[in-house]
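Single-structure report; data block below.
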Amino acid sequence: MDVMEKLKILADAAKYDAACTSSGVDRKGGGTAMGSSRACGICHSFAGDGRCISLLKVLLTNRCCYDCEYCVNRRSHVVERAAFEPRELADLTWQFYRRNYIEGLFLSSAVWRSPDHTCEQMLHVLELLRRGYGFGGYIHVKVIPGADPLLIEKMGFLADRISVNIELPSAASLQKLAPDKHKENLLGPMRQIRNLVAENQSGYGRFRGIQPVGNNAAGLLHGKRTGQGGAVPVQGVTLPARTRRRRGKAPQFAPAGQSTQMIIGASPESDRQILRLTEQLYHAYDLKRVFYSAYVPVLDSDLLPAADTPPPLWREHRLYQANWLLRFYGFRADELLTETDPQLHPYLDPKCRWALRHPEFFPLEVNRAAYDALLRVPGLGVESALRIVRARKFAALSWDGLKNIGIVLKRARYFLVCNGKRYPHLSRDREGFLADMMSARERILFQKREKDIFQPSLFDETGLPADGSVPRLTDPQKEELAALPIPLWD
């Protein structure tokens, strides 16, 4: 099997790993355009400064010794198997990078033979890229739970972001659907990564080199620790001395932090349980991001949803919205969802839902409300709240003043007062109020009634009328909206 055949198999096998969005298109310049696009393995992610970067998203191998019910690569599933040699994958990444196809690598793997063996192979890929080829691009690597801590430490010094997939939202579901995986094997590496990131950021981190013994992969694990005094051989490759650490500048351990991923819809946990776990992970392990992956039924199992069950894409979208509120808006999971109301609303976003359940919190006076209180107003984001706080230092804000500083009032006008005055001609019509609370995509979803799979997108306007108008609701739909528990206040 040649490298491109392996790439086709292993890039397709990696599509269920979240944190990236596949481009999904093959496009050649054809002499009439500059650049080209490859669907096979090329995906997109966003850097910390907001840049969209292209990554080669691929598995090292889809050969797996585990038998997780939900996984397309599980041991008992009949699927075409392949595995990259470390040098093959490192060379492929380098060639793609030189041709400007990609700006980095997203590397994951099935568990081949054992967690230690798999991580040794992945570590060898990173060693070849960073020290053999001098690769300076972005690398996100997913480590294998249960691997030796020394391997995880070494990978963290070579990768920009490192992650451990927690997979399922509860220990009971993990035991039921992935009996080969154990809770402590997942949380142990996350704890180690948290401590190493904190140690490195505090200035006490120190680089621990590994001198391989012999030319086999096991040497990467059972090597002796050394300094960086000269060139280091890695499985027959002599690394140039110019890659040595500069005096006084220690390598960073996972400078982009750690993340994790949960599968949504394969197990019966409620949205409240998922959000409470997300909140605990952020606080306990200092995660940069928790990713959600809607379960796509690809295998027949009595323990999983039926094969004709549509993926819960809109639920995934709502969880990301709630996740954002936990990270940047000061909300707590128990505020967004309660024991009696444990699921996110299909038609109203989590912040709007919270606001409608707490009419006593509103209306807020724009010129006196605290920054944290403004963040809880539907329609106001972090930047809008900051603009309001800065602008009112110089003069009292009016409704026209809010518009002049770029505040979008479509939703916020229902929850604010300016100098004690409501927004002029504010509609009290229930249908008009709900239309303002729901985005155009949410109204389309409401009309589709979730009969079709609808994947929300940041850029794609698919499904909206060409003139930008929004279809009017039918009488039965109005009746359903009227039955929603949405209080209106004077």
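Because the structure is a prediction, the values reported are computed rather than measured.
With a 4.5 Å cut-off on side-chain heavy atoms, T61 and S109 count as touching. Counting only heavy atoms from C-beta outward, the side chains of F253 and I193 approach each other to under 4.5 Å. Side-chain contact between L287 and S259 is absent, with no heavy-atom pair separated by less than 4.5 Å. Annotation: side chain of P115 is in contact with side chain of Y66 (closest heavy-atom distance under 4.5 Å). Between F157 and N200 there is a side-chain heavy-atom pair separated by less than 4.5 Å. Using a 4.5 Å cut-off on side-chain heavy atoms (C-beta onward), L344 and R315 make no contact. Y70 places a side-chain heavy atom less than 4.5 Å from the side chain of L168. Considering only heavy atoms from C-beta on, V58 comes within 4.5 Å of L105 through its side chain.
More than 12 heavy-atom neighbours from other residues, nucleotides or ligands sit within 6.0 angstrom of NZ on K410. E339 CD: 12 or fewer foreign heavy atoms inside a 6.0 Å radius. Counting heavy-atom neighbours within 6.0 Å of Q343 CD, excluding the residue itself, gives a total above 12. Atom CZ of R74 sits in a crowded spot, with more than 12 heavy atoms from other residues, nucleotides or ligands closer than 6.0 Å.
The aromatic rings of F433 and F415 are tilted relative to each other, their planes meeting at an angle between 30° and 60°.
R318 and Q321 form a side-chain donor-acceptor contact under 3.5 Å, judged by distance and modelled atom types alone. For the residue pair T309/Y295, the side-chain donor-acceptor check at 3.5 Å is not satisfied. Side-chain polar atoms of Q273 and S170 form no donor-acceptor pair below 3.5 angstrom.
Between the K6 side chain and the L89 main chain, no donor and acceptor come within less than 3.5 Å of each other. Under a 3.5 Å cut-off, the side chain of D160 and the backbone N or O of I139 do form a donor-acceptor pair. Panel note: side chain R194, backbone D286; no donor-acceptor pair is recorded below 3.5 Å.
Among all heavy-atom pairs drawn from W314 and P346, the shortest one is NE1-O, 2.8 Å. For the pair A13 and L59, the tightest heavy-atom approach, listed with the atom from each and the gap, is CB-CD1, 3.5 Å. Contact record, L313 with A294: CD2-CB, 3.9 Å, taken as the closest heavy-atom pair. Summarising the geometry of A90 relative to L129, their closest heavy-atom pair is O-CD2, 3.4 Å, with the distance given to 0.1 Å.
Salt-bridge annotation for D302 and K176: absent, with no side-chain N of the basic residue lying under 4.0 Å from a carboxylate O of the acidic one. Taking 4.0 Å as the cut-off between side-chain N and carboxylate O, E184 and R191 count as a salt-bridged pair.
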Yes or no on side chain to side chain contact (heavy atoms under 4.5 Å, CB included) for H358 and R376, after CA distance, side-chain angles and deciding distance? CA-CA 11 Å; H358 294 83; R376 293 182 173 246; over 6 Å; no
